Number of protein chains: 2
Amino acid sequence: MHSDLEKTVVSRILLIDDDTELGEMLAEYLDGEGFEITVVHNGRDGISHALSGDYEMALLDIMMPGIGGIEVLRQVRAQSRMPIIMLTAKGDDVDRVVGLELGADDYIPKPYYPRELVARIRAVLRRAGGNDGDGAANSDGNSDNAKLVNGPVMLDPARRLAAYGGQEMDLTVSEFNLLETLMRANERALSKNELSLTVLGRPREVYDRSIDVHMSNLRQKLQQVSGDASVIETVRGFGYRLRPGL
Amino acid sequence: MHSDLEKTVVSRILLIDDDTELGEMLAEYLDGEGFEITVVHNGRDGISHALSGDYEMALLDIMMPGIGGIEVLRQVRAQSRMPIIMLTAKGDDVDRVVGLELGADDYIPKPYYPRELVARIRAVLRRAGGNDGDGAANSDGNSDNAKLVNGPVMLDPARRLAAYGGQEMDLTVSEFNLLETLMRANERALSKNELSLTVLGRPREVYDRSIDVHMSNLRQKLQQVSGDASVIETVRGFGYRLRPGL
DNA sequence: AACATGTGTAAGCGATGTGTAAAGCTGGGC
DNA sequence: GCCCAGCTTTACACATCGCTTACACATGTT
């Protein structure tokens with residue numbers, strides 16, 4: 001049962017969260033990342049699904065009506081050591097500590113940046129899959145904190161450093177996420193809604209110009225350093241993409 | 001380079017802790033991880049069991065009524081070199097030093113994150129089980145007692161000594177942990193939530209400014225000794241990191 | 001030309017980070 | 001058992017940043 005870490009095997013993930021809209025969004029995104037995801041909306045179903053043995057890990061919202069996340073965790077843990085990541089909105093305090101003491105593998109506060117969520121999921125899965133207990137500090141180094149390079153543009157997600165042709169750039173979180181998302185898409189065009197989802201962690205709203213403005217600012221910073229005005233191209237009526245063949 | 005230390009035999013572990021409830025939980029969890037665990041609830045029994053030769057290692061709570069953990073450690077060490085991991089409530093670093101000097105192999109503060117505990121147990125067992133001679137913790141790079149060096153900053157986790165350019169610094173437990181965590185992350189940026197988890201042992205709560213304050217104090221001490229104001233950099237909206245290329 | 005869509009700039013304001021002080025805890029000394 | 005000292009946490013004041021909104025202008029499309 002070892003060394004079946006082939007990437008061809010999709011990881012089956014269970015999402016237990018009563019927030020259907022958010023669930024949709026996450027499910028969609030994770031699906032795109034190569035995970036197979038199932039969503040259930042209450043604690044009851046969560047427990048039974050979790051214990052079915054069909055899933056490699058679970059994402060569990062703490063705040064749920066009826067059987068809350070803590071109780072779900074407790075009951076699942078009574079029978080299973082599957083990896084579990086706790087999700088929670090801000091505002092609940094004591095429960096978190098209890099959750100971790102009960103054996104949650106990680107804890108992620110809202111707002112979820114899907115990117116970060118994926119990183120944590122991979123970290124947890126790797127820890128669970130590779131059977132060697134490694135070092136003490138439970139930092140989540142992960143496979144996708146490798147540096148991203150595309151032509152002269154370099155991004156180091158782990159260190160949160162961005163540079164163009166060796167010249168460092170000072171980017172805000174949103175600008176950084178924006179550039180990171182575009183680079184990961186690798187010249188594929190991304191819609192504004194996709195960008196809003198991954199960069200801002202929320203769906204794009206009706207008169208929402210945030211992505212546009214962040215894009216504008218990012219472009220300015222890029223141009224300041226590169227002199228190149230067209231590192232990022234506009235796809236009119238759709239979104240943006242990194243200029244092919246940079 | 002597959003090694004033969006893969007033991008098909010389960011590791012027998014002795015847990016010495018007066019807290020029965022916590023003992024239950026840990027025992028159950030560790031059992032699920034493939035360890036065979038025995039729990040005793042006082043120092044007397046702890047010593048006799050430990051010296052029985054039936055166990056590969058012991059987890060030892062420092063705080064116990066009657067014969068305390070330190071005393072147990074001393075008496076066991078008088079006759080045995082078996083691996084021992086100390087468990088303790090947060091905050092007492094004096095005990096930690098004493099424990100390590102008496103020959104404890106590792107030290108884990110409460111609250112226990114089961115995942116981390118398992119990792120440490122495996123690490124300790126691996127060290128003890130493999131060729132003990134060289135003691136060099138190899139590939140996993142996170143040997144707990146190795147000194148950490150990053151530019152002029154030097155940290156000796158075993159002795160709890162910190163220095164900048166040879167100049168010793170007097171740090172509190174939290175400040176030390178903070179610096180240690182940042183150094184282990186090796187220039188990776190860490191979110192405040194991550195830092196709170198590893199440094200304080202709890203998730204960051206809503207209006208929790210503890211990390212910020214500890215950071216402020218740590219920076220002051222660093223500057224006092226180094227004159228360098230920017231050993232630790234802020235990543236706004238995210239967290240902190242050690243300045244790359246120190 | 002008329003309309004739709006994208007871009008840049010500016011301004012307000014909530015979010016975030018820092019430093020200081022005071023209160024709360026805990027352990028050690030007596 | 002009490003008090004003191006040191007550390008951690010909380011509280012607050014202040015500075016700064018950056019996200020969003022709004023609007024004017026530019027560019028593309030029909």
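Letters go in sequence order (proteins before strands), and every chain restarts at 1. Keep in mind that this is a model prediction, so the values were computed, not measured.
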Worksheet item: On DNA chain C, nearest-nucleotide positions of B:Tyr240 versus A:Tyr240: which is more 5'?
Response: A:Tyr240

Worksheet item: Considering only heavy atoms, which members of residues 197-208 of chain A lie under 4.0 Å from some atom of DNA chain D?
Response: A:Arg202

Practice prompt. With rounding to the nearest 0.5 Å, note down the distance linking CZ in A:Arg188 to CG in A:Leu182.
Written response: 10.5 Å

Worksheet item: Who are the salt bridge (Lys or Arg N to Asp or Glu O under 4.0 Å) partners of B:Arg236, not counting sequence neighbours?
Response: none

Worksheet item: Residues in side-chain contact (heavy atoms from CB on, under 4.5 Å) with B:Arg243, at least two apart?
Response: B:Asp228, B:Ser230, B:Glu233, B:Leu246

Worksheet item: Do A:Ile232 and A:Leu178 pass the side-chain contact (heavy atoms from CB on, under 4.5 Å) test, and can you show the C-alpha distance, the side-chain angles, and the key distance before you say yes or no?
Response: CA-CA 11 Å; A:Ile232 298 170; A:Leu178 198 47; over 6 Å; no

Worksheet entry | Protein-nucleotide distance (B:Leu195, atom CG; D:dT9, atom P), rounded to Å | 14 Å

Discussion item. The criterion is side-chain contact (heavy atoms from CB on, under 4.5 Å); which residues satisfy it with B:Asp45, sequence neighbours excluded?
Written reply: B:Val40, B:Asn42, B:His49

Discussion item. Holding to side-chain contact (heavy atoms from CB on, under 4.5 Å), I want the full list of residues that pass it with A:Ala189, two or more places apart in sequence or in another chain.
Written reply: A:Val235, A:Phe238, A:Arg241

Item to complete: With sequence neighbours left out, write down each residue that passes salt bridge (Lys or Arg N to Asp or Glu O under 4.0 Å) with A:Glu71, or none if nothing qualifies.
Response: A:Arg74

Practice prompt. Return yes if some donor-acceptor pair links the side-chain N/O of A:His41 with the main-chain N/O of A:Asp17 below 3.5 Å, else return no.
Written response: yes

Response to the item:
Residues in residues 210-235 of chain B with a heavy atom under 4.0 Å of DNA chain D, by number, are B:Ser210, B:Val213, B:His214

Worksheet item: Within the pair A:Thr172 and D:dG18, is there a side-chain N or O less than 4.0 Å away from OP1 or OP2?
Response: no

Worksheet item: With sequence neighbours excluded, what pairs up with A:Asp31 under the salt bridge (Lys or Arg N to Asp or Glu O under 4.0 Å) test?
Response: none

Name the pairs: protein N/O against N/O of nucleotides 24-30 of chain D, kept only if under 3.5 Å.
from, atom 1, to, atom 2, distance (Å)
D:dT27, O2, A:Arg236, NH2, 3.4

Worksheet item: side-chain hydrogen bond (donor to acceptor under 3.5 Å, both in side chains) with A:Thr234: which residues, sequence neighbours excluded?
Response: A:Arg219

Practice prompt. Please work out if B:Phe176 contacts a base, only the sugar-phosphate, or nothing of the nucleic acid, heavy-atom cut-off 4.0 Å.
Written response: nothing

Worksheet item: Which heavy atom in A:Lys192 sits nearest to a heavy atom in A:Ile211, and how many Å separate them?
Response: O-CG1, 4.2 Å

Worksheet item: Residues two or more places apart in sequence or in another chain: which of them pass side-chain contact (heavy atoms from CB on, under 4.5 Å) with A:Thr198?
Response: A:Tyr29, A:Thr181

Item to complete: Taking atom types as modelled, find out whether A:Asp208 and A:Ser210 have a side-chain donor-acceptor pair closer than 3.5 angstrom.
Response: yes

Response to the item:
If each end axis of the helix from C:dA1-D:dT30 to C:dC30-D:dG1 is fitted on five C1' pair positions, the angle between them, to 10 degrees, is 30°

Worksheet item: Does B:Lys192 put a side-chain nitrogen or oxygen below 4.0 Å from OP1 or OP2 of C:dT16?
Response: no

